[in-house]
Amino acid sequence: MTQIPHAGVIGNPISHSLSPKLHGHWLERYDLAGDYTALQVAEDALEQTLRSLPAQGFVGVNVTLPHKVEVLKYADQVSDRATLIGAANTLTFREDGRIFADNTDGYGFMANLRQGAPDWDPEAGPATIFGAGGAARAIIVALADAGVPEIILSNRTRPKAEALRADFGPRIRVVDWVQAGSMLEDATTVINTTSLGMKGAQPFKVPLDALRPDAVVTDIVYNPLRTPFLDAAARMGCVTVDGLGMLLHQGVPGFERWFGHRPEVDDETRRAVLA
Ligand code: ATR
């Protein structure tokens with residue numbers, strides 16, 4: 001008897017993760033054999049867990065905080081984009097026992113942006129990014145790949161933004177956090193990658209007066225779906241794209257690899273995950 005394929009998401013904590021709902025929805029929608037569960041894994045249990053999952057019938061897992069960097073140590077093969085980003089969010093357990101690590105965060109960001117703003121032109125002008133954490137790293141790699149000519153970056157802790165410039169080169173210009181509002185004048189793509197504006201976090205306070213009305217503006221925060229940052233941009237006439245789609249699209253490549261069907265991200269998917 002063949003076992004049904006298991007997949008899941010590992011993190012610590014993990015109870016807040018929307019991935020089980022997302023993959024559960026897709027499995028049901030396409031009537032596929034398989035399941036997907038949330039697995040709370042402490043840091044000191046990471047290696048042992050990864051080594052034991054394939055024998056339990058797992059074909060792969062998504063990886064969230066705090067394990068995204070650490071999992072690279074245990075991978076036998078790492079995709080180019082995961083190597084560039086220095087972190088992985090999607091592991092596939094190959095039949096020969098090898099672990100393949102990939103990072104689909106940048107892909108998810110880009111697919112969401114293209115779906116939410118079909119007329120967006122990466123080459124139209126500079127992109128402005130608020131924040132320099134792990135999400136910003138993945139987004140910078142994706143934007144550079146898409147042909148964005150310049151990336152203007154600001155982070156409360158400036159050395160983290162400088163470190164990204166050191167890693168990703170002269171296409172990045174760093175602006176001090178106290179002057180972050182000044183990064184907007186030329187920007188045709190504007191992205192919040194900080195946690196500001198998230199439910200329970202502090203509000204996003206950078207002044208947006210200089211925002212161009214033809215800019216495409218997106219936020220990686222998706223709780224609430226319409227952040228005050230996106231609302232302010234919409235009031236100024238910008239096309240805005242919320243952050244939920246990034247989460248949904250980043251799940252696509254893993255699901256396809258594990259369960260053999262490329263799933264769709266549409267209103268039905270959004271409704272299922274938000275229910
Ligand atoms: P992730 O890896 O998901 O991007 P992270 O590495 O914790 O998460 O990054 C969170 C981002 O939000 C960082 O850019 C952080 O700025 P610092 O590097 O200065 O910590 C930013 N951030 C969080 N709280 C903030 C605040 N109150 N003001 C400004 N930026 C904040």
Side-chain angles (χ1 to χ4, degrees), residues 7-11 16-26 36 38 60-65 67-69 71-72 78-92 100-118 120 122 127 129-131 133-148 151 189-195 198 216-223 225 227 230 239-259 261-274:
V9 54
I10 60 170
H16 65 284
S17 172
L18 291 177
S19 293
K21 266 192 180 174
L22 172 65
H23 291 263
H25 159 74
W26 282 333
Y36 186 103
V61 285
N62 287 122
V63 182
T64 186
L65 301 180
H67 304 311
K68 290 175 116 173
V69 175
V71 288
L72 289 182
V78 181
S79 71
D80 289 349
R81 57 193 180 182
T83 303
L84 265 175
I85 296 164
N89 73 337
T90 306
L91 302 182
T92 302
F100 171 62
D102 191 11
N103 193 315
T104 66
D105 283 334
Y107 161 80
F109 170 81
M110 200 54 74
N112 182 42
L113 197 57
R114 292 201 188 275
Q115 187 175 42
W120 176 67
I129 301 181
F130 299 103
R137 259 186 112 78
I139 289 170
I140 286 171
V141 170
L143 288 174
D145 206 39
V148 168
I151 294 170
T189 312
V190 177
I191 306 144
N192 174 42
T193 75
T194 73
S195 48
M198 195 191 293
V216 171
V217 180
T218 185
D219 198 332
I220 69 160
V221 173
Y222 57 80
N223 183 17
L225 224 41
T227 58
L230 288 182
V239 171
T240 59
V241 182
D242 72 52
L244 182 64
M246 176 174 172
L247 172 85
L248 306 182
H249 283 283
Q250 64 76 36
V252 168
F255 187 92
E256 183 178 18
R257 263 172 229 148
W258 307 326
F259 301 114
H261 184 99
R262 190 165 183 88
E264 255 152 291
V265 174
D266 56 13
D267 283 343
E268 188 183 336
T269 321
R270 288 173 69 92
R271 276 197 302 275
V273 169
L274 292 173

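Source: prediction; values computed, not measured.
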Side chains of [X] and [Y] in contact at under 4.5 Å (non-hydrogen atoms):
X      : Y      : value
Arg257 : Phe100 : yes
Trp258 : Tyr36  : yes
Val241 : Trp120 : no
Leu248 : Asn112 : no
Thr218 : Met246 : no
Val61  : Val9   : no
Asn89  : Thr64  : no
Val63  : Leu91  : yes

Original post:
Between Arg270 and Asp242, is there a side-chain N and carboxylate O pair less than 4.0 Å apart?
Top reply: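 Yes, this pair counts.
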Original post:
Would you call Lys68-Asp105 a salt bridge at under 4.0 Å N-O?
Top reply: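 Looking at Lys68 and Asp105, the cut-off is met.
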**OP:** Classify the angle between the aromatic ring planes of His23 and Phe255 as parallel (below 30°), tilted (30 to 60°) or perpendicular (above 60°).
**Re:**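 His23 and Phe255: tilted rings.
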Original post:
Taking it one step at a time, do Thr90 and Asn103 satisfy side-chain contact (heavy atoms from CB on, under 4.5 Å)?
Top reply: CA-CA 6 Å; Thr90 306; Asn103 193 315; over 6 Å; no
Determine yes or no for a side-chain-to-main-chain donor-acceptor pair under 3.5 angstrom, with [X] supplying the side chain and [Y] the backbone.
X      : Y      : answer
Arg137 : Ile85  : yes
Thr189 : Ala127 : no
Glu256 : Gly251 : no

Mind checking the [atom1]-[atom2] spacing from [X] to [Y]? Nearest 0.5 Å is all I need.
X      : Y      : atom1 : atom2 : answer
Glu264 : Thr269 : CD    : OG1   : 7.0 Å
Phe109 : His249 : CZ    : NE2   : 12.0 Å
Asn223 : His16  : CG    : NE2   : 11.0 Å
Ser79  : Leu84  : OG    : CG    : 9.0 Å
Leu225 : Leu274 : CG    : CG    : 6.0 Å

Subject >> From CA spacing to verdict: side-chain contact (heavy atoms from CB on, under 4.5 Å), Leu247, Tyr222 >> reply: CA-CA 9 Å; Leu247 172 85; Tyr222 57 80; 4.2 Å; yes
Shortest non-hydrogen separation from [X] to [Y] and the atoms involved:
X      : Y      : result
Ala87  : Leu72  : N-CD1, 3.6 Å
Ile220 : Ala135 : CD1-CB, 3.6 Å
Trp26  : Val252 : CH2-CG2, 3.8 Å
Val71  : Ala88  : CG2-CB, 3.9 Å
Arg114 : Pro122 : NH2-CG, 4.1 Å
Met110 : Ala142 : CE-O, 3.3 Å

Subject >> Residue pair Thr227, Asp219: steps toward the side-chain hydrogen bond (donor to acceptor under 3.5 Å, both in side chains) verdict >> reply: CA-CA 8 Å; Thr227 58; Asp219 198 332; 2.7 Å; yes
**OP:** Would you kindly say whether Asp80 and Thr83 are connected by a side-chain donor-acceptor distance under 3.5 Å?
**Re:**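 No, because no side-chain N or O of Asp80 sits under 3.5 Å from a partner of the opposite role on Thr83.
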Original post:
Going by atom types alone, do Tyr107 and Asp102 pair a side-chain donor with an acceptor below 3.5 Å?
Top reply: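 Looking only at side-chain atoms, Asp102 and Tyr107 do not form any donor-acceptor pair under 3.5 Å.
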Original post:
Do you know which of Thr194, Val190, Ile191 makes side-chain contact (heavy atoms from CB on, under 4.5 Å) with Ile129?
Top reply: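 When Thr194, Val190, Ile191 are each tested with Ile129, the side-chain contact (heavy atoms from CB on, under 4.5 Å) holds only for Ile191.
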